[in-house]
Amino acid sequence: MPELPEVQTVVDGLLPHVVGRTVHRVRSGPHDIVHPRGMLLDPRLVGRTISRINRRGKKIVFTLDDHARFVIHLGMTGQLTLDAPDAPVLSHTHLVLSFTDTTPTQLRFRDPRRFGGVWWLGQTEAPDEQMGPEPLTMRWVTLARHLSPTRRAIKTALLDQKVVAGIGNIYADESLFEARIDPRTPACQLTPEQVRRLCRAIKLILRRAIRHRGSTLRDYRDADGLEGGFQKLHRVYDRATLPCRRCKTPINRIVLGGRSTHYCTGCQVPLNFTATGASVDTAKDQSRH
DNA sequence: GTCCATGTTCTTTA
DNA sequence: CTAAAGAACATGGA
């Protein structure tokens, strides 16, 4: 469920209530969602103070006062919420950190499908090896450098966290609509102008989504258990057969890289268009290996 | 029962 | 060998 805007919203909700607080107790559910598997968090966390929380891609990085770190990834259905200790514990709650200094609070990790989990990093391991640039601050030439080596469809490339960090199925589709690029276009065939437009579109869409506290399709909740609002502003995602909000053409749904892909055949064109709307042939032959 | 789902990783295929 | 497609993971809702 959670892509960059949702993860950022969760982090923003945690910051004022968790940073600076000391872990008093750790409770785990019946399933081991900690990596490396079998590692006990209790002796590493109890008595430690959370000194920092930040986001990298879709990962939430917690730093302790001893400089050890751990990452929580929400996977598809993960929720990280702040609750009163006496609030009912929902099913599929896998980890509860209790803070008793000042107002008693619990940080709860719940994840029905268990694609998410906790990764202990210790004091040396980096949270983002292999991970691509942060989309909110990347420059278009960086994006171009990561797209040029692959012939995969641009939609598929955007989902690859080594290409860009934090984009998932919703915001890939929404960004490509904003940039008016056909999702099937081979990544290496985008013109510099298209990459520039895509880079701007990604930032615009992600910032707008963060402003609306992310998209809730089903499971996503912020740290306070509240739903996001950006799903109401989706232009293509989950809108197959509905009229395009821009040109009224029915939104098309196809499958790319095994993931449903939504786009407007009227607005998102496979080739470049000039200012007058005439199509321009850019099929420069990409020699086959 | 069937299909589908906001993600990632391993396996198979070309 | 590499790149890309496909399957797998686990659960629940339509």
Side-chain angles (χ1 to χ4, degrees), chain A residues 1-10 29-33 35-37 55-60 71-80 90-94 109-119 127-132 135 146-176 183-189 202 205-206 209-210 212-222 227-241 253-262 286-289:
Chain A
M1 69 168 46
E3 305 180 31
L4 187 150
E6 291 76 31
V7 176
Q8 185 65 54
T9 303
V10 169
H31 292 104
D32 183 11
I33 46 83
H35 306 259
R37 229 90 201 202
R55 178 194 59 72
R56 176 72 170 99
K58 299 173 189 171
K59 295 176 175 174
I60 303 173
V71 158
I72 293 185
H73 195 294
L74 300 177
M76 199 87 104
T77 55
Q79 300 172 346
L80 201 51
L90 301 180
S91 59
H92 305 291
T93 296
H94 304 299
F109 174 61
R110 168 172 193 262
D111 183 11
R113 283 171 78 176
R114 278 183 273 140
F115 289 171
V118 179
W119 280 261
D128 61 349
E129 281 175 43
Q130 298 269 314
M131 197 179 277
H146 283 75
L147 293 178
S148 60
T150 181
R151 274 176 281 198
R152 285 180 294 177
I154 180 61
K155 159 66 184 279
T156 309
L158 287 179
L159 294 179
D160 184 341
Q161 302 299 295
K162 294 187 282 302
V163 172
V164 197
I167 296 177
N169 214 24
I170 296 174
Y171 300 106
D173 283 2
E174 294 296 321
S175 297
L176 287 167
R184 300 165 298 180
T185 313
C188 61
Q189 283 181 20
I202 288 169
I205 292 294
L206 293 180
I210 290 170
H212 291 270
R213 314 184 54 75
S215 304
T216 296
L217 304 183
R218 174 174 301 166
D219 301 288
Y220 169 68
R221 297 284 123 80
D222 69 12
E227 298 183 1
F230 191 67
Q231 66 282 357
K232 295 171 193 156
L233 300 180
H234 290 175
R235 298 218 182 91
V236 288
Y237 189 85
D238 204 23
R239 288 179 49 82
T241 75
R253 180 189 178 277
I254 62 174
V255 173
L256 282 180
R259 318 282 261 117
S260 69
T261 298
H262 316 74
Q286 302 278 337
S287 65
R288 330 127 296 197
H289 53 311

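In what follows, every chain begins at residue 1, and chains take the letters A, B, ... in the order their sequences are listed.
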Inset, instruction - Answer yes when A:Arg152 and A:Asp160 have at least one side-chain N-carboxylate O distance shorter than 4.0 Å, and no when they do not. - result: yes
Inset, instruction - Would you mind telling me which residue lines up with the more 5' stretch of DNA chain B, A:His73 or A:Arg253, judged by nearest nucleotide? - result: A:Arg253
Inset, instruction - Look at A:Lys58 and B:dT8 and indicate whether a side-chain polar atom (N or O) is within less than 4.0 Å of OP1 or OP2. - result: yes
Inset, instruction - Can you tell me which stems DNA chain B forms, taking runs of 3 or more consecutive Watson-Crick or G-U pairs with both distances under 3.5 Å? - result: B:2-5 with C:11-14, B:7-14 with C:2-9
Inset, instruction - Evaluate the ring planes of A:His234 and A:Tyr171, with Trp represented by its six-membered ring, and classify them as parallel (under 30°), tilted (30 to 60°) or perpendicular (over 60°). - result: perpendicular
Inset, instruction - Please examine the side chains of A:Arg184 and A:Lys155, heavy atoms only from C-beta on, and report whether any two atoms are closer than 4.5 Å. - result: no
Inset, instruction - Apply side chain to side chain donor-acceptor pair (under 3.5 Å) to A:Asp128 and list each qualifying residue two or more places apart in sequence or on a separate chain. - result: A:Arg56
Legend entry - Between C1' of B:dG7 and CD1 of A:Ile72, the distance in whole Å: 16 Å
Legend entry - Verdict with supporting geometry, A:Arg239 and A:His262, side chain to side chain contact (heavy atoms under 4.5 Å, CB included): CA-CA 7 Å; A:Arg239 288 179 49 82; A:His262 316 74; over 6 Å; no
Inset, instruction - Can you tell me the distance, in whole Å, between the NE2 atom of A:His35 and the P atom of C:dC9? - result: 15 Å
Inset, instruction - Measure from CH2 on A:Trp119 to C1' on B:dT9 and round the result to the nearest Å. - result: 11 Å
Inset, instruction - For A:Ala187, check side chain to side chain contact (heavy atoms under 4.5 Å, CB included) against everything at least two apart and list the hits. - result: A:Leu147, A:Thr150, A:Ile154, A:Ala157
Legend entry - A:Asp32: side chain to side chain contact (heavy atoms under 4.5 Å, CB included) partners, not counting sequence neighbours: A:Val34, A:Arg37
Inset, instruction - In whole angstrom, give the distance that lies between atom CG of A:Leu256 and atom P of B:dA5. - result: 13 Å
Legend entry - Partners meeting salt bridge (Lys or Arg N to Asp or Glu O under 4.0 Å) with A:Arg55 (sequence neighbours left out): A:Glu134
Inset, instruction - Please state the C1' separation for the pair B:dT9 and C:dG12 - nearest whole angstrom. - result: 22 Å
Inset, instruction - Would you mind classifying the nucleic acid contact of A:Tyr171 as base, sugar-phosphate or nothing, using non-hydrogen atoms under 4.0 angstrom? - result: nothing
Inset, instruction - Would you please determine if the base of B:dT8 is stacked by A:Phe115, with stacking meaning a centroid separation under 5.5 angstrom and planes under 30 degrees? - result: no
Taking N or O atoms only and anything under 3.5 Å, show me the protein contacts with nucleotides 4-8 of chain C, one pair per line.
| from | atom 1 | to | atom 2 | distance (Å) |
| --- | --- | --- | --- | --- |
| C:dA4 | OP1 | A:Thr150 | OG1 | 3.4 |
| C:dA4 | OP1 | A:Arg151 | N | 3.0 |
| C:dA4 | OP1 | A:Arg152 | N | 3.2 |
| C:dA4 | OP2 | A:Thr150 | OG1 | 3.1 |

Inset, instruction - Figure out the CG/P separation between A:Leu74 and B:dG7, and round it to whole Å. - result: 11 Å
Inset, instruction - Mind running side chain to side chain contact (heavy atoms under 4.5 Å, CB included) on A:Thr261 and A:Asp173 for me, showing each step along the way? - result: CA-CA 7 Å; A:Thr261 298; A:Asp173 283 2; 3.7 Å; yes
Between the protein and nucleotides 11-14 of chain B, which nitrogen or oxygen pairs come in under 3.5 angstrom?
none

Inset, instruction - Take atom CD1 of A:Ile60 and atom C1' of B:dG7, then tell me their distance rounded to the nearest Å. - result: 14 Å
Inset, instruction - Select one nucleotide: of B:dG7, B:dT8, B:dA5, the one nearest the side-chain heavy atoms of A:Ser260. - result: B:dA5
Inset, instruction - To the nearest Å, give me how far apart CZ (A:Arg259) and C1' (B:dA5) are. - result: 9 Å
Inset, instruction - Please name all residues satisfying side chain to side chain contact (heavy atoms under 4.5 Å, CB included) with A:Arg259, sequence neighbours left out, ordered by chain then number. - result: A:Leu159, A:Asn169
Legend entry - Test side chain to side chain donor-acceptor pair (under 3.5 Å) applied to A:Gln79 and A:His92, A:Arg110, A:Arg221, the passing residue: A:Arg110
Inset, instruction - Could you tell me which residues satisfy ring pair (Phe, Tyr, Trp, His ring centres under 6.0 Å) with A:His35, sequence neighbours excluded, listed by chain and number? - result: A:Trp119
Inset, instruction - With sequence neighbours excluded, tell me which residues meet side chain to side chain donor-acceptor pair (under 3.5 Å) with A:His73. - result: none
Provide a list of protein-nucleic acid N or O atom pairs under 3.5 angstrom, restricted to nucleotides 12-14 of chain C.
| from | atom 1 | to | atom 2 | distance (Å) |
| --- | --- | --- | --- | --- |
| C:dG12 | OP1 | A:His92 | NE2 | 2.7 |

Inset, instruction - Round to the nearest Å and state the distance from A:Glu3 atom CD to B:dA5 atom P. - result: 13 Å
Inset, instruction - May I ask you to test the A:Leu4-A:Ile210 pair for a side-chain heavy-atom distance under 4.5 Å? - result: yes
Inset, instruction - Sequence neighbours left out, what passes side chain to side chain contact (heavy atoms under 4.5 Å, CB included) with A:Pro36? Give chain and number order. - result: A:Met39, A:Trp120
Legend entry - Under-4.0 Å side-chain N/O to phosphate OP1/OP2 contact, A:Gln161 with B:dT8: yes
